**Student:** 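The structure under discussion is supplied below as structure tokens; questions concerning it will follow.
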Amino acid sequence: LYAKLVTVPCGRARIIRVDKRAAQAVPGVHLVMSADDLPQPVPRFGPHLKDRPVLAVDETKFHGEPVVAVAAETKDAAEEAARLVKIEYEELRGVYSVDQALADDAPLVREPELRAADDPHRESNVLATRVYGWGDVDGAEADLVIDERYTFPMITHFAIEPHAFAAAPVEDGIAIWSTIQHPYLLQKLMAKLLGMPLSKVRVYAPDPGGGFGGKQNIKLEPLVAFMALETGHPVRLVLTLDESFQANRRTSAQIRVRSGFTRDGVLVFEDIISDYLLGAYADIADRVVSKSQYAAAGPYKVPNVRITARSILSNTTPAMAFRGFGTPQVNWAVESNVDAAARQLGIDGAEIRLRNLATRGEEIIPGDTPADGLWHETVYKAMELVGWDEPLPEGRGRGIAVGLKSSATTGLSYSIVRLLADGSVLVYAGTSDMGQGARTIFAQIVANEMGVPLEMVNVVMGDTMVVPYDQQTSASRSTVFMGNAIMRACRDIQDQVRAMAASAEGVPKDQVAVQEGVVSLPNHDRSIV
């Protein structure tokens, strides 16, 4: 069946009445579903907080939030039925910016009863506040203080492939197809939502045509799953371009940065206040805020730092992960202050950064991992590549900036590598290839480790019933985390082959070599291919 969403043309609205009769009369229509047709209370989901309903309940929270979903035998029938659904609604005052959300008389995006009784922000649009830092910012003395405010807009991910979802009842379970980056997380959340064991929820994750963080987490899969279970038929939903715009975005932000410098351009303190606009539901955006702000002072040696970060709800599209996971927003603000200081102090923009960069082994955040690279060399290389000291033509500019992102810290990537009888190799990995080239690099690792031609390696992905667990495909981690898992599996195979050859030929295992697909035996005039 083909699914089509029905929405109302405003951000926040009270749903008064839904009339489905005309839509249900369209030939080929199997289901016209609203919140009343779902289990009560309407199930809620989310990777961080279980706050998003499968369909809008009582009121819509953002423009594009589905109120009704139609399933029909043809795409045309689904679209016609969707047009015939009549939704009576009352547009309500919403909040669409940081200032509106924080105003004293701001309407609440989330009902207080959906929040914990001891939540200090229960009666506000602030989802969470975090404070990081060290030293004494208020007591620090500086020769120059740069105090500026920055705004960062909403940005859509705009992947080449639209968001697409499908679900089908399978015996006493369900199969789900989704263009998702984290198939195992989807499996876990859907199993909880549907009250099924993990073994009864199978997720197929075909290679997404682009992701950039926007396809990390669960979105409309729950709705499609409930429709499939209700109708007993497979149901498929492909969002239009307009709908994809309303499906995800990057967090927007307002950031104030006070930076203190000596007259020689050395950072004395950083005082950062970041307000990130999350949208109507938390999704993963609160994690985006916490992770990015923890290292907001960047790769610099700053003795005094104070970072205050707020995650703020609004009647806008829910924000999700996006390349850099919240770091570009605050990094741009901090680096803009560094540039302003360089101009006022008459110091070269690259030089002021070199004076403040941590050297290898120095702590940036007290008590955390010290700097582990020769970062100055990176800046020198960048200067060389852009011809930093060369004259510029009229009307041309040149800039340099450095940043630090707190990246993935855990692994949980597993692979299975099978050496087949003809010397070809199968690789099973839970990573999603969304254009970053994971399939290629995994095959190259196997070809290198096993000594087989690249064309003899096949990489299998995207099926939770077949491939072993992988925690996530994000943070530019696949080559390192999954790549190492594959490499270790290959070396285990090599070790097993050496053991078999040693046993068969009666030689010590440590004297057996496996190179380029050939097992070489000591003191033998032959090899085993």
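What you are looking at is a predicted structure, and each value in this text was computed from that prediction instead of being measured.
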**Student:** Only counting residues at least two apart or in another chain, list the ones meeting salt bridge (charged side-chain N to carboxylate O under 4.0 Å, His left out) with D271.
**Tutor:** R258, R306
**Student:** Please set out all donor-acceptor pairs under 3.5 angstrom arising from side-chain atoms of residues 364-378, sequence neighbours excluded.
**Tutor:**
residue: D368; atom: OD2; partner: Y294; partner atom: OH; Å: 2.5
residue: H376; atom: NE2; partner: L354; partner atom: O; Å: 2.9

**Student:** Could you check whether any side-chain heavy atom of I180 comes within less than 4.5 Å of a side-chain heavy atom of S432, counting everything from C-beta outward?
**Tutor:**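 Counting from C-beta outward, I180 and S432 never come under 4.5 Å.
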**Student:** I need the minimum non-hydrogen distance between V95 and A106, along with the two atoms involved.
**Tutor:**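 In this case the closest contact between V95 and A106 is CG1-CB, 4.0 Å.
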**Student:** Is there side-chain contact between F442 and S415, with at least one heavy-atom pair below 4.5 Å?
**Tutor:** no
**Student:** Of the options R44, K61, R122, which is the one that meets E111 in a salt bridge (charged side-chain N to carboxylate O under 4.0 Å, His left out)?
**Tutor:**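 Checked R44, K61, R122 against E111; only one passes salt bridge (charged side-chain N to carboxylate O under 4.0 Å, His left out): K61.
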**Student:** Hey, does R310 have a side-chain heavy atom less than 4.5 Å from the side chain of L278?
**Tutor:**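 Contact flag for L278/R310 side chains = no.
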**Student:** Quick one: does V42's side chain get under 4.5 Å of L55's, heavy atoms only?
**Tutor:**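 No, their side chains stay 4.5 Å or more apart.
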**Student:** Is any side-chain heavy atom of I174 closer than 4.5 Å to one of L194?
**Tutor:**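 Yes, at least one pair of side-chain atoms sits under 4.5 Å.
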**Student:** Testing the basics here: between G94 and N315, what is the closest heavy-atom pair and its distance to 0.1 Å?
**Tutor:**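 What the structure gives for the nearest pair is CA-OD1, 3.2 Å.
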**Student:** For F45, what residues pass the ring-ring contact (aromatic ring centres under 6.0 Å, His included) criterion, not counting sequence neighbours?
**Tutor:** none
**Student:** Apply salt bridge (charged side-chain N to carboxylate O under 4.0 Å, His left out) to D99 and list each qualifying residue two or more places apart in sequence or on a separate chain.
**Tutor:** none
**Student:** Report yes or no: does W388 contribute a side-chain atom to a donor-acceptor pair with the main-chain N or O of R398 at less than 3.5 Å?
**Tutor:** no
**Student:** So does R439 have more than 12 non-hydrogen atoms from other groups sitting under 6.0 Å from CZ?
**Tutor:**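 Enclosed.
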**Student:** Kindly indicate whether the side chain of H48, heavy atoms from C-beta on, has any atom under 4.5 Å from the side chain of D283.
**Tutor:** no
**Student:** Determine whether more than 12 heavy atoms belonging to other residues, nucleotides or ligands lie under 6.0 Å from atom CG of D58.
**Tutor:** no
**Student:** Among all residues two or more places apart in sequence or in another chain, which pass the salt bridge (charged side-chain N to carboxylate O under 4.0 Å, His left out) test with K301?
**Tutor:**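 Only E362 meet the salt bridge (charged side-chain N to carboxylate O under 4.0 Å, His left out) criterion with K301.
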**Student:** Got a sec, which residues hit salt bridge (charged side-chain N to carboxylate O under 4.0 Å, His left out) with R52, two or more places apart in sequence or on another chain?
**Tutor:** none
**Student:** Let's go through F245 and F158 carefully: what are the C-alpha distance in whole Å and the side-chain angles of both, what is the deciding distance for ring-ring contact (aromatic ring centres under 6.0 Å, His included) to 0.1 Å, and is it a yes or a no?
**Tutor:** CA-CA 7 Å; F245 264 92; F158 202 72; 5.7 Å; yes
